[in-house]
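In what follows, a single structure is set out as structure tokens and then discussed.
Residue numbers start from 1 in every chain, and the chains themselves are labelled A, B, ... in the order their sequence lines are given, proteins ahead of strands. These numbers were taken from a predicted model, which means no experiment stands behind them.
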Amino acid sequence: MKHSIIRRTLIVCGIGLMVLGIYRGEAAMIWQKAVYVCLECIGIG
Amino acid sequence: MQEKKEFREKNIKNKEKRTGLRLRGWIQALFFAFSNGYLAGYLNAKIYRGQLKQICVPGLNCYSCPGALASCPIGALQSLLDSKKFHFSCYIFGFFLVVGGILGRAVCGFLCPFGWIQDLCYRIPIWIPKRVPDTLRWKLERMNKRKHLPGHKVLIWLKYVILAVFVILLPMTVMTEFGAGVPWFCKLICPSGTLFGGIPLVLLDEALAANAGGYFLWKVTLLALLLSTSVFVYRPFCKYLCPLGAVYSGFYKISLFRLKLDESLCIHCGKCSKTCLMGVDPEHGKNRQECIACGDCQKSCPTKAISFWPKGKDTFSS
Ligand code: SF4
Ligand code: SF4
């Protein structure tokens, strides 16, 4: 019971944080970086 | 002699189990195809540029892979932290809470492409020439497949160090001479990026191939080392190095899908811990943070005391 309450609280907080992140422009920034080949990621940069 | 016979029989059974078609394998393959399904990327050596890349997949899946339709949470976290615009990522932290709270490390068992690749490597049978004398053959067969590397108990903590240092601290603090941030885990370690992003792009794009130098060589060497070790040892990268596995392991007590034991049914035969390739002891609840919900222990349990479903009885948590 205690675990399920913690889980639900964390999931709700997680959803809230994701919405806040999108509002702050984090998702847009991820998109900006992810649409170009990340040279470091592939071991070239 | 008897011991040898028993060992051989067991080995054959294990091989059957390893090569048998299993639901988990199909789910892993399907999710791999789904998250890397941008076929035009492989044909034109270009990566996908659509809006889906604002979303992260739950597993380690490089967003520079020509087939990737979404982003990797570890790559995304580093790209936010090294941008200097954000000192804390609400989006990725929230994503971890949601995915970890629901699935925990079941992501590793079912949805991570690099986990699947390691599973496939471990299924490769080791060929021992017929001419090898029986006594030596038995010894080689015994070395054939192992669960862990020597020093396993200490090495499992390395992934938390990698998460703290290469994914969080270094991207936040160390920049290039031009002031640009660097995703240090991707740059120096991530074998998923090398396998799904680096190698295909270098093969498809001449300009990239011309620029591949020392870092690329290092990453290919590391990848080769990890994949060859995976043939002998079960999931070495997941156990010892993966920062995403480290994040999800924190949810082992609360995630909706997790290892559960109904102690009233357990007869303490120890079969579950012998079966577990991740080194978990479900009977005594030891190392549960390593459990990837593969379900092997559940299949081996004669009394069906182990479950993973949300409604399953869990003596550890009650
Ligand atoms: S530990 Fe990392 S590489 Fe392994 S399956 Fe989990 S997320 Fe993927
Ligand atoms: S065998 Fe059981 S305890 Fe071990 S990783 Fe698989 S599900 Fe978890």
Is chain A contacted by the side chain of [X], its backbone, both, or neither, given a heavy-atom distance below 4.5 Å?
X         : value
Ile189(B) : neither
Tyr48(B)  : backbone
Ile199(B) : neither
Gln51(B)  : both
Lys53(B)  : both
Leu256(B) : both
Ser255(B) : backbone
Val99(B)  : neither
Lys85(B)  : side chain

Quick check on the interface: out of [options], who has the most heavy-atom pairs with chain A under 4.5 Å?
options                                  : value
Ala70(B), Ala68(B), Ser83(B), Cys65(B)   : Ser83(B)
Cys56(B), Gly94(B), Pro66(B)             : Gly94(B)
Ser64(B), Gly193(B), Cys62(B)            : Ser64(B)
Phe95(B), Tyr63(B), Phe185(B), Phe196(B) : Tyr63(B)

Inset, instruction - Please determine, among Ala28(A), Ser4(A), Cys38(A), the option with the most heavy-atom pairs under 4.5 Å with chain B. - result: Cys38(A)
Inset, instruction - Just give me the residue among Lys2(A), Arg8(A), Met18(A) that pairs up with chain B most often, heavy atom to heavy atom, under 4.5 Å. - result: Met18(A)
Inset, instruction - Please report the C-alpha distance between Leu17(A) and Tyr91(B) in whole Å, then the side-chain angles of each, then the deciding distance to 0.1 Å, and finally whether the side-chain contact (heavy atoms from CB on, under 4.5 Å) criterion is met. - result: CA-CA 6 Å; Leu17(A) 280 170; Tyr91(B) 185 62; over 6 Å; no
Which distance, rounded to the nearest 0.5 Å, do you find between the [atom1] of [X] and the [atom2] of [Y]?
X        : Y         : atom1 : atom2 : answer
Leu39(A) : Lys187(B) : CG    : NZ    : 9.5 Å
Thr9(A)  : Ile254(B) : OG1   : CD1   : 9.0 Å
Ile11(A) : Phe251(B) : CD1   : CZ    : 9.0 Å

Inset, instruction - Show your working on side-chain contact (heavy atoms from CB on, under 4.5 Å) between Ile92(B) and Ile30(A) and close with a plain yes or no. - result: CA-CA 10 Å; Ile92(B) 299 295; Ile30(A) 292 170; 3.9 Å; yes
Legend entry - Tyr36(A) atom OH: more than 12 heavy-atom contacts under 6.0 Å: no
Legend entry - Neighbour count above 12 (heavy atom, 6.0 Å) for Tyr42(B) OH: yes
Inset, instruction - Indicate the atoms forming the closest heavy-atom contact of Arg24(A) with Ser89(B), along with that distance. - result: NH2-CA, 4.3 Å
Inset, instruction - Just do the side-chain contact (heavy atoms from CB on, under 4.5 Å) check on Phe86(B) and Met29(A) with the steps written out, would you? - result: CA-CA 10 Å; Phe86(B) 302 103; Met29(A) 176 164 269; 3.8 Å; yes
Would you mind reporting whether [Y] and [X] have side-chain heavy atoms less than 4.5 Å apart?
X        : Y         : answer
Arg7(A)  : Arg258(B) : yes
Trp31(A) : Arg49(B)  : no
Glu26(A) : Cys90(B)  : yes
Ile15(A) : Leu97(B)  : no

Inset, instruction - Measure from the side-chain N and O atoms of Lys33(A) to the backbone N and O of Ser79(B), and report whether any donor-acceptor pair falls under 3.5 Å. - result: yes
